[in-house]
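Beneath this line is the structure, given in C-alpha cells, with notes to follow.
These numbers come from the heavy atoms of this one structure, side chains and all, not from hydrogens, waters or symmetry mates. The chains referred to below are lettered A, B, ... by the order of the sequence lines, with proteins before strands, and numbering in each begins at 1. Only a predicted model underlies this, so the values are computations on that prediction, with no experimental measurement involved.
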2 protein chains.
Amino acid sequence: MTATISREQQLNEAEAACLRRGAKLTPLRRQVLDLILASDSPVGAYALLDRLKADRPGAAPPTVYRALDFLLEHGLIHKVERLNAFIGCTESGHGHGHDHDHPHQFLICRRCGATVEIADHAVADAIAAAATRAGFTAVEATVEIEGICARCGTA
Amino acid sequence: MTATISREQQLNEAEAACLRRGAKLTPLRRQVLDLILASDSPVGAYALLDRLKADRPGAAPPTVYRALDFLLEHGLIHKVERLNAFIGCTESGHGHGHDHDHPHQFLICRRCGATVEIADHAVADAIAAAATRAGFTAVEATVEIEGICARCGTA
DNA sequence: GGCGTCACGATATAGTATCACGCGACGTGA
DNA sequence: TCACGTCGCGTGATACTATATCGTGACGCC
C-alpha cells in the first residue's frame, strides 16, 4: 500500500530506465507494473489479468505474460518462485540501477504474506563460494526465505 | 542413473526412517520414490504420473500428488521450485537422518539439467544472519543456484 | 511505397495442482 | 464381534499457471 505518489515516481523512473536501455514502457506494460507495485504482496499472473480486464476487456493470458516477460527482462520486477507470483523490484536506485540480474533474496512472511526484497552481500558471496567449491559456475540464484516477519512476530 | 542396488538401499533406508516416525512407506509411495530416485534430473509430477500409469492404469493426478506430499513431508524428496519438479534427498544419513527441513541448496545446470543438492553451512548461516538483521524469523529457505556444472563447463 | 520489426489481440492448448466424494482395509475399544 | 474412526487410495471434475500460434495494425527505415 505504498503511497500513490511514490508509485508514480517509480513508474517514471522505470520508464526512464527503459529508455536508457532502448526499450519502451508502453501503456500496457506500465499498467501491469503499476498493478504490481500497488500490491503489498506478490501478485499472480491471473490476478493481474483480472484487474487488467477492467480496463481492457480483451486481455488474455498472453497479454499479461508478455508484459511480465518484458518487466522481468528489464529488471523491473522479480518472480517469486515459491508463490508463482510477481513483485516489484525495490533494489533499484541503490547504486546499481535496474540491473537485469542483481543478486537479491526474498523474505516471505507465512502469516501475512508480505514479501520484502533484500540484497545481502554475505549471502550472495556465500552462494558464489559454495558453487565454486562444487566446480559450478553460478549465473543466477533464487533465494526465498520463508518465516515470520517482524510485524507478525511481535504482534 | 544411480546403480539399482544403491537405489534399493535408499528405498529400504527410507522405509526404516518412515517406520521410526510412525509412518508407512506404502507400495505406491515407494514406487513414486523409486521413480524419482531413478532419474538423474528432477522429475515433474506428470512425468511421474505417466510412468506410474504403466503399472497402475487408474493413476490420476491426486495419486501422484498425495504420494509426493507424503515424501516431501518426511524429507525423502525435495521440490525444485524453479523447475516445478521433484528430486530425491541426497543429504540423508550424513549425520542428521531424514530431517523434515534440513538446510540445503540446489545447483542446477542450465545445459544438462543435472541438479545436485548440497548442504553448505556458510550459506545457511549467512541466510539466517541476513534474516535476523531484518527482524525476520526464518523457518525455511529455498536456495536454487542456476549455472553451468563442472562437467558441462569443461566439455 | 515496400519492408522489417515490434506490440498486441485473439484462440487454443499445454502443464501444474487441488477439490470433493466414496470406498475398502485396518486397528481399536466397547 | 461389531461399531467406529482413521488412513490410503480410486475417480471425476475443476482450478490455476503458462505457452504456442496466427493475425493485424503502427512505426521507422531506406
Distance, rounded to the nearest Å, where [X] contributes [atom1] and [N] contributes [atom2]:
X: Leu83(B); N: dA17(C); atom1: CG; atom2: P; value: 11 Å
X: Arg82(A); N: dT17(D); atom1: CZ; atom2: P; value: 16 Å
X: Lys79(B); N: dT17(D); atom1: NZ; atom2: P; value: 11 Å
X: Leu52(B); N: dG10(D); atom1: CG; atom2: P; value: 8 Å

Comparing Ala23(B) with Pro61(A), nearest DNA chain D nucleotide closer to 5' gives the residue Ala23(B)
If you assign Lys24(A) and Phe70(B) each to the DNA chain D nucleotide with the nearest heavy atom, which residue ends up on the more 5' nucleotide? Phe70(B)
Side-chain N,O (Arg56(B)) to OP1/OP2 (dG10(D)) below 4.0 Å: yes
Is there any salt bridge (charged side-chain N to carboxylate O under 4.0 Å, His left out) pair reaching into residues 42-58 of chain A, and which pairs are they, with sequence neighbours excluded? none
Tell me which nucleotide among [options] gets nearest to the side chain of [X].
X: Arg29(B); options: dA18(D), dG8(D), dT11(D); value: dG8(D)
X: Pro62(A); options: dG8(D), dC8(C), dA20(D); value: dA20(D)
X: Thr26(B); options: dA18(D), dG8(D), dA17(C); value: dG8(D)
X: Arg66(A); options: dG9(C), dT11(C), dT18(C); value: dG9(C)
X: Leu28(A); options: dT11(C), dC8(C), dC9(D); value: dC8(C)
X: Asn84(A); options: dG9(C), dT17(D), dA17(C); value: dT17(D)

Evaluate whether the aromatic ring of Tyr65(A) and the six-membered ring of the dT19(D) base sit under 5.5 Å apart, centre to centre, with an inclination under 30°. no
Taking 4.0 angstrom as the limit, do Arg21(B) and Glu73(B) come out as a salt bridge? no
With respect to Phe86(B), which candidate in Val32(B), Leu71(B), Val64(B), Leu72(B) satisfies the side-chain contact (heavy atoms from CB on, under 4.5 Å) definition? Leu72(B)
